[in-house]
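Quick note on labels: first sequence line is chain A, next is B, and so on, each numbered from 1.
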Number of protein chains: 2
Amino acid sequence: MITDSFPPAVRVALPAGTMAFFMTQSPDKPSTKDAIIATAVDLFHRKGYYAASMSDIARGSGIHKAGIYYYFSGKEALLYGIMKRTMDDLLAHLKNSLADAKGVEASMRAAVRGHVEFHLRRQKQNFIANSELRGLSPAHYKAVVKQRDDYERIFQSLIRSGVDEGVFAAGDIKILSYAILTLCTAGAFWFKSSGRLSVEHIAAIYEDFVLKGLKDGTLKAIQRPNEA
Amino acid sequence: MITDSFPPAVRVALPAGTMAFFMTQSPDKPSTKDAIIATAVDLFHRKGYYAASMSDIARGSGIHKAGIYYYFSGKEALLYGIMKRTMDDLLAHLKNSLADAKGVEASMRAAVRGHVEFHLRRQKQNFIANSELRGLSPAHYKAVVKQRDDYERIFQSLIRSGVDEGVFAAGDIKILSYAILTLCTAGAFWFKSSGRLSVEHIAAIYEDFVLKGLKDGTLKAIQRPNEA
DNA sequence: GTCTATAGGAGGATAGAC
DNA sequence: GTCTATCCTCCTATAGAC
């Protein structure tokens, strides 16, 4: 029976690059369904959604392509499942990051750090979630965009609180939220877990960069008139 | 005769959304070649490189699909031409922005402002150049990545000068350059020219945000040890 | 320069055996 | 549950007429 359902959520959080995020049973023998999902994530990330074929995904999963349709109704269902679960987990991760933070500055630091860490640790899924929206059906597109908007609103309300309390400099809240989120999201595009710097170190750099950018400093251009 | 050659460069710089960037003759009647390029830019941006078919491009250009092969050797040649010219123009634009700036802070401000303005004014091409690299042949891929690296190096040497002179806070130069560039590039993904804010206003916000982030401020996390 | 026609292949998806 | 076989559509690219 085809359900298009994905295994509940993240059970284990292990180093990036493994299939661990998808496993629902023994790490030694992932279920066929988990193998399909993990392969799809890998191929959508490496080649892109359109360039990755169902045959590719089947080959990587150790089955033949017709077998995929026993678990999923089609290629788009696979894409949507990956994106939806990534957005679900992203939101849960943010709420978790914010749980212990007291005050607006500490909250923003926690939010930025959490956002960066999630994007670096689950690089492939986040890359897909940010670059393959056009592959979704209209209904699924709307659903994922709504998830993204809900997530962004949390950052926007943090910025607004900070500005109201005088902790952050005045500025355009939407533009600032886009700036902060895209800045941190972009890490998922170039980060190499084998590189010089750890996830935590990069998250700390971003945290400082964003906080300095938000606070009062050497303002000069905000009110600059349009130039010729 | 097929040459895959693109018209020399930017002749006219008019509002985004027009075909003006591609026109080499009268704005009233673009050449077939210019129409093909402009349509390809539009479709690669809206639907993605793989999802846009040669038939789509031909239809938008007012010819039939076989006609495209009179001007271009294939679909990939079209993609590469768009990307190469975008990167050429981007580099030229940066050099032009930097020409009059004196001192490292003013230079960085000019560079950021120029980068943002170019990305917002030529949104579609920059979106393509940043998201469709996987569609290129290996040789063309290498060529475009080299152009991008050359461009990044200019920002990196600006950051390095600023740090050496004590104008900017110490930090990881590569990470900072990626942060700055992806931050500003991301504007090409969400910017709407019909929106509330002008290109110049957004560029000014980004300029301040980046400069505050680079200068000394309320450092706290750079040396933080890894957390549990 | 642009068209019609078509080659040649690949991809998503289904039917039905095992 | 997974396989083999196949359908049907769509795509890039070419051939050759006009």
Side-chain angles (χ1 to χ4, degrees), chain A residues 1-7 22 24-26 29-44 46-82 132 134-138 140, chain B residues 1-7 22 24-26 29-40 43-44 46-82 132 134-138 140:
Chain A
M1 183 194 56
I2 303 173
T3 62
D4 287 345
S5 79
F6 268 51
F22 296 113
T24 53
Q25 48 178 59
S26 150
K29 201 176 72 59
S31 74
T32 299
K33 186 165 190 171
D34 289 339
I36 293 168
I37 297 172
T39 307
V41 166
D42 190 58
L43 289 173
F44 290 169
R46 279 208 338 257
K47 309 176 61 168
Y49 174 67
Y50 283 99
S53 73
M54 292 299 262
S55 302
D56 291 337
I57 297 168
R59 198 174 314 120
S61 316
I63 57 171
H64 284 228
K65 68 173 174 178
I68 297 177
Y69 294 89
Y70 177 77
Y71 297 99
F72 299 100
S73 61
K75 195 181 176 187
E76 195 264 353
L78 215 30
L79 178 64
Y80 176 60
I82 292 167
E132 299 291 4
R134 286 176 303 202
L136 295 172
S137 71
H140 287 161
Chain B
M1 184 193 58
I2 303 174
T3 62
D4 288 343
S5 79
F6 268 50
F22 296 111
T24 53
Q25 48 178 59
S26 151
K29 201 175 72 58
S31 73
T32 300
K33 187 165 191 171
D34 289 339
I36 292 168
I37 297 173
T39 306
L43 289 173
F44 290 169
R46 281 210 334 258
K47 309 176 61 168
Y49 174 68
Y50 283 100
S53 73
M54 292 298 262
S55 301
D56 291 336
I57 297 169
R59 197 173 315 120
S61 315
I63 58 172
H64 284 228
K65 65 176 174 177
I68 298 177
Y69 294 88
Y70 177 78
Y71 297 99
F72 299 100
S73 61
K75 195 181 175 186
E76 194 266 352
L78 214 32
L79 178 64
Y80 176 61
I82 291 166
E132 299 291 4
R134 287 176 303 202
L136 295 172
S137 71
H140 287 160

J.: Rounded at 0.5 Å granularity, tell me how far CE in M54(B) sits from CD1 in I36(B).
T.: 8.5 Å

J.: Taking DNA chain C as the partner, which of residues 64-75 of chain B come within under 4.0 angstrom of it by heavy atom?
T.: H64(B), A66(B), Y70(B), Y71(B)

J.: Would you mind writing out the side-chain donor-acceptor pairs for residues 65-77 of chain B within the sub-3.5 Å range, not counting sequence neighbours?
T.:
residue	atom	partner	partner atom	Å
S73(B)	OG	D4(B)	OD1	3.2
S73(B)	OG	D4(B)	OD2	2.6
K75(B)	NZ	Y49(B)	O	2.8
K75(B)	NZ	A52(B)	O	2.7
E76(B)	OE1	H140(B)	ND1	3.1
E76(B)	OE2	S137(B)	N	2.8
E76(B)	OE2	S137(B)	OG	3.3
E76(B)	OE2	H140(B)	ND1	2.8

J.: Check the pair T3(A), K33(A) against side-chain contact (heavy atoms from CB on, under 4.5 Å), reporting the backbone distance first and the verdict last.
T.: CA-CA 11 Å; T3(A) 62; K33(A) 186 165 190 171; 3.7 Å; yes

J.: Could you check if a side-chain atom of I82(B) sits within less than 4.5 angstrom of a side-chain atom of E132(B), using non-hydrogen atoms only?
T.: no

J.: Any side-chain to backbone donor/acceptor pair from D42(A) onto T39(A)? Under 3.5 Å, distance only.
T.: no

J.: So what does A52(B) hit on the nucleic acid, given a heavy-atom distance under 4.0 Å: a base, only sugar-phosphate, or nothing?
T.: sugar-phosphate

J.: Measure the CD1-CD1 distance between I37(B) and I57(B) for me, rounded to the nearest 0.5 Å.
T.: 11.0 Å

J.: For A40(B) versus L78(B), what's the shortest heavy-atom pair and its separation?
T.: CB-CG, 4.0 Å

J.: Taking 5' to 3' order, which nucleotide of DNA chain D is first and which is last to have an atom within less than 4.0 Å of a heavy atom in chain A?
T.: dG1(D) to dT4(D)

J.: How close do S61(B) and A35(B) get, heavy atom to heavy atom, and via which atoms?
T.: OG-O, 3.7 Å

